[in-house]
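Notes follow the structure.
Source: prediction; values computed, not measured. Quick note on labels: first sequence line is chain A, next is B, and so on, each numbered from 1.
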2 protein chains.
Amino acid sequence: MAKRVARSSVKRLSTVEKKALILKSAEKVFARQGLKGSRLFEIANEAGLPKANLLYYFESKEDIYRAVCRDILETWLGALGEISADDNPKKAIENYIKSKMDLSFSRPNASKVFALEIIAGAPVIGDYLEKDLKSWVDRQASVFKVWQSRGEMVSISPQHVFFMIWAVTQTYADFNTQITAVLGVKEIGAVDYSSAIDTVTEVILTGLRMK
Amino acid sequence: MAKRVARSSVKRLSTVEKKALILKSAEKVFARQGLKGSRLFEIANEAGLPKANLLYYFESKEDIYRAVCRDILETWLGALGEISADDNPKKAIENYIKSKMDLSFSRPNASKVFALEIIAGAPVIGDYLEKDLKSWVDRQASVFKVWQSRGEMVSISPQHVFFMIWAVTQTYADFNTQITAVLGVKEIGAVDYSSAIDTVTEVILTGLRMK
DNA sequence: GTCTATACAACGATAGAC
DNA sequence: GTCTATCGTTGTATAGAC
């Protein structure tokens, strides 16, 4: 049976497209109150689908949530890459900060879902943190140690360097409500965006004494 | 009728003490999933009280939540003080970072409730952000501008300086699950605590080029 | 594959005995 | 002031017609 591609109606979407629509809508809803604070009908409304339809494509609310988390982790890891000891240290950190800031501005809801999950104690992605993320950080840490031994970076715990970079880059997504309130603007515009990147990059590179 | 002070049983607590117990328990519960993700019976269990008892002391779940938020904001504002242009810039920022880090380690749940509230779009404390917090930041910003004109601080947007300081100090409370996972420890110990303060202070002061 | 109707469990809040 | 019982509502999930 031939499947038609998307037209004006949501009903015309293929299975794959509909699953993607549900996940996109779910990410937006979960970004406000997390798993326990979100309702299936909110996701359904957001997607423009009847509630029961969601449970045809996914087993349960938790199943949707797990799929959203998987999707976010893939984007995260995929976009961040690996830093090598041969890289130019300053350029490498600069690129890393840029990537993280871009993610914060392009997918703020993904960042918020991640934040809510961590604050809740990482019941779903705890394993990822302890295995994949930890070993990724451990690998980068050994690179930082090489740079530090060459005097190309101040000698502080590489782990804490990452905690700080993650914190300042993600704050522009997660705490954007606070930021717009303090700046007295309705939303973070293109100007604030590039000014934020410059400021963060400048302060961190200087703070790490990178030449 | 004479009231007895607290003994072993929760029942012996005075009205004031019992309200405080409820708020303390509620803060812990709200710190995991926010307002909508938390259940009254969870707060009741945490406090060791029957559910209906909570609704004798407070009108509703939202009422408890608002009281928790008020409590947190008072602590926040009270602990942070004001910085004056006459202060020694480096010492002032150092003290500010120290205060914020102390708050993160002494009241991590308060920090988490605050974070969840902001991520949710600040439905309850939005007013505080736009008025009290904004004017506080605006006052500090004029102090920073004086320092910057004297060459005692790098010339970047004072607002973004605060965004960065808040982000790195609060990350040790809010994202402590991620931090312990990456460090491979069960909890952030006294050693990590002071190492975190030193690292954060060092990087930020250097990053702001404070002499 | 879609959607209505509904079963069933969870939850907030109240009534009323003590 | 405390606590049990319970009401009314909301929310997840399923059954079954189309």
Side-chain angles (χ1 to χ4, degrees), chain A residues 1-23 25-26 28-30 32-69 116 120 123-124, chain B residues 1-23 25-30 32-69 120 123-124:
Chain A
M1 208 166 322
K3 266 194 196 126
R4 300 301 195 72
V5 281
R7 267 220 225 147
S8 60
S9 170
V10 163
K11 293 188 191 174
R12 305 244 177 206
L13 297 173
S14 70
T15 294
V16 173
E17 287 168 326
K18 196 142 337 165
K19 277 197 161 195
L21 169 67
I22 292 170
L23 290 181
S25 310
K28 192 167 174 183
V29 172
F30 286 137
R32 290 196 279 264
Q33 316 257 6
L35 171 62
K36 277 180 69 183
S38 302
R39 307 288 162 245
L40 270 178
F41 82 82
E42 297 174 308
I43 301 174
N45 285 352
E46 185 69 39
L49 289 170
K51 200 174 59 169
N53 207 320
L54 271 58
L55 295 167
Y56 171 76
Y57 290 99
F58 294 91
E59 276 183 11
S60 63
K61 188 174 78 161
E62 276 200 47
D63 188 32
I64 298 178
Y65 181 73
R66 279 191 298 268
V68 168
C69 285
L116 292 171
V124 169
Chain B
M1 203 161 328
K3 270 201 191 122
R4 303 299 194 72
V5 282
R7 262 208 238 154
S8 60
S9 169
V10 163
K11 294 188 190 172
R12 305 243 177 205
L13 297 173
S14 71
T15 293
V16 173
E17 287 168 326
K18 197 145 331 173
K19 276 197 162 197
L21 169 68
I22 292 170
L23 290 181
S25 309
E27 183 179 283
K28 193 167 172 183
V29 172
F30 287 136
R32 290 196 278 266
Q33 316 257 6
L35 172 62
K36 277 180 68 185
S38 301
R39 306 289 163 242
L40 270 179
F41 82 82
E42 296 174 310
I43 301 174
N45 286 352
E46 186 69 38
L49 290 169
K51 198 176 63 170
N53 206 318
L54 271 57
L55 295 168
Y56 170 76
Y57 290 99
F58 295 90
E59 275 183 12
S60 63
K61 187 175 81 161
E62 276 200 47
D63 188 32
I64 299 178
Y65 182 74
R66 279 191 298 266
V68 168
C69 285
V124 168

Which nucleotide sits closest to the side chain of A:R39: C:dG1, D:dT12, D:dT2?
D:dT12
Could you run down the sub-3.5 Å N/O contacts of the protein with nucleotides 13-18 of chain D?
unit_1	atom_1	unit_2	atom_2	d
D:dA13	OP2	A:K61	N	3.0

Table please: side-chain donor-acceptor pairs of residues 41-58 of chain B below 3.5 Å, with sequence neighbours left out.
unit_1	atom_1	unit_2	atom_2	d
B:E42	OE1	B:R39	N	2.7
B:E42	OE2	A:K36	NZ	2.9
B:E46	OE2	B:K28	NZ	3.1

Find the distance B:D63:CG to C:dT14:P and express it as a whole number of Å.
12 Å
Atom CZ of A:F41 and atom P of D:dT9 are separated, to the nearest Å, by 16 Å
Length of the CD1-P vector between A:I22 and C:dG1, whole Å
11 Å
Contact class for A:Y57 (heavy atom, under 4.0 Å): base, sugar-phosphate, or nothing?
sugar-phosphate
I need the minimum non-hydrogen distance between A:L116 and A:G34, along with the two atoms involved.
CD1-N, 3.3 Å
Rounded to whole Å, CZ of B:F58 lies from P of C:dA13 at a distance of 13 Å
Compare side-chain N and O positions of B:Y56 against OP1 and OP2 of D:dG1 and report whether any pair is under 4.0 Å apart.
yes
Within a strict 4.5 Å, meaning less than it, do heavy atoms of the B:K19 and B:I22 side chains meet?
no
Ranking A:P50 and A:K36 by the position along DNA chain C of their nearest nucleotide, the one closer to 5' is A:P50
Closest approach to the side chain of B:N53, judged atom by atom: which nucleotide of C:dC11, C:dT2, D:dT2 is it?
D:dT2
